[in-house]
Amino acid sequence: MAIKKSNKLSQTTVLKHIVKRCSKRQGCDDEEGLPVDVPKGHFVVYVGENRSRYIVPIAFLSRPEFQSLLRQAEEEFGFDHDMGLTIPCEERVFQSLTSMLAH
């Protein structure tokens, strides 16, 4: 059984790291390295078994409901991989949550 190292970074630092990490992808077309279909103030996450791609507002990062998903993502997948941020929940649950957060 592997032992996870505890990382005592501030929540703000962790969130900035997530956004930076999620925004960088291969095949990006603009000078900042961001995918051209991701508007400023948003980032990409992958959700569900099929890893469907969603573009979500950065403002969601400050919401406790979304932070809960981020903790689950960190526990299950970690944040240090090339795929981007993968959220471990069913798409319909994610869609319901993001719909609620958007209002």
Side-chain angles (χ1 to χ4, degrees):
M1 182 165 130
I3 298 175
K4 277 188 153 181
K5 246 184 12 182
S6 178
N7 194 355
K8 299 291 182 185
L9 297 175
S10 73
Q11 184 176 13
T12 303
T13 303
V14 171
L15 295 177
K16 285 180 183 179
H17 174 73
I18 292 168
V19 172
K20 183 177 180 180
R21 184 103 177 115
C22 296
S23 297
K24 292 189 175 180
R25 292 179 13 115
Q26 292 181 1
C28 300
D29 295 330
D30 78 358
E31 64 279 352
E32 294 178 5
L34 300 175
V36 293
D37 66 333
V38 179
K40 190 172 190 134
H42 292 73
F43 66 103
V44 175
V45 296
Y46 297 89
V47 180
E49 287 184 24
N50 296 324
R51 304 291 192 258
S52 298
R53 185 174 184 258
Y54 289 87
I55 299 171
V56 296
I58 289 174
F60 283 5
L61 292 173
S62 65
R63 302 292 300 268
E65 302 91 335
F66 200 83
Q67 289 176 6
S68 176
L69 288 178
L70 293 176
R71 281 190 293 279
Q72 291 174 25
E74 181 180 26
E75 289 172 10
E76 188 161 332
F77 304 114
F79 294 132
D80 191 26
H81 54 86
D82 294 332
M83 173 67 180
L85 180 59
T86 303
I87 304 289
C89 73
E90 295 179 18
E91 281 188 72
R92 65 179 175 79
V93 173
F94 182 80
Q95 290 169 347
S96 177
L97 175 68
T98 55
S99 176
M100 180 197 70
L101 293 176
H103 292 96

- Give, for atom OH of Tyr54 and atom CG of Leu85, the distance between the pair rounded to the nearest 0.5 Å. 14.0 Å
- When rounded to the nearest 0.5 angstrom, what is the spacing between OG1 in Thr98 and NE2 in His103? 10.0 Å
- From Ile87 CD1 over to Ser52 OG, what is the distance, rounded to the nearest 0.5 angstrom? 13.0 Å
- Message: When you compare the side chain of Phe43 with that of Ile55, does any pair of heavy atoms fall below 4.5 Å?
- Response: no
- Message: When you group the ILVMFWY residues by side-chain heavy-atom contacts below 4.5 Å and let the links chain together, are Leu97 and Val93 in the same group?
- Response: no
- Message: Just to verify, what does Glu65 make a salt bridge (charged side-chain N to carboxylate O under 4.0 Å, His left out) with, not counting sequence neighbours?
- Response: Arg63
- Message: Please give me the minimum heavy-atom distance between Arg51 and Tyr46, naming the atom from each residue.
- Response: O-CD2, 3.4 Å
- Pairs satisfying salt bridge (charged side-chain N to carboxylate O under 4.0 Å, His left out), at least one member in residues 92-103, at least two apart: Glu90-Arg92
- Item | Distance-minimising heavy-atom pair for Leu69 and Pro88 | O-CD, 4.3 Å
- Query: Who are the side-chain hydrogen bond (donor to acceptor under 3.5 Å, both in side chains) partners of Ser96, not counting sequence neighbours?
  - Reply: none
- Message: I need the His42 NE2 to Phe60 CZ distance, nearest 0.5 Å.
- Response: 8.0 Å
- Note on the structure: With sequence neighbours left out, the residues meeting side-chain hydrogen bond (donor to acceptor under 3.5 Å, both in side chains) with Gln72 are none
- Item | Shortest non-hydrogen contact between Ala73 and Thr86, atoms and distance | CB-O, 3.2 Å
- Note on the structure: dist Arg71:CZ -> Glu75:CD (nearest 0.5 Å) comes out at 8.5 Å
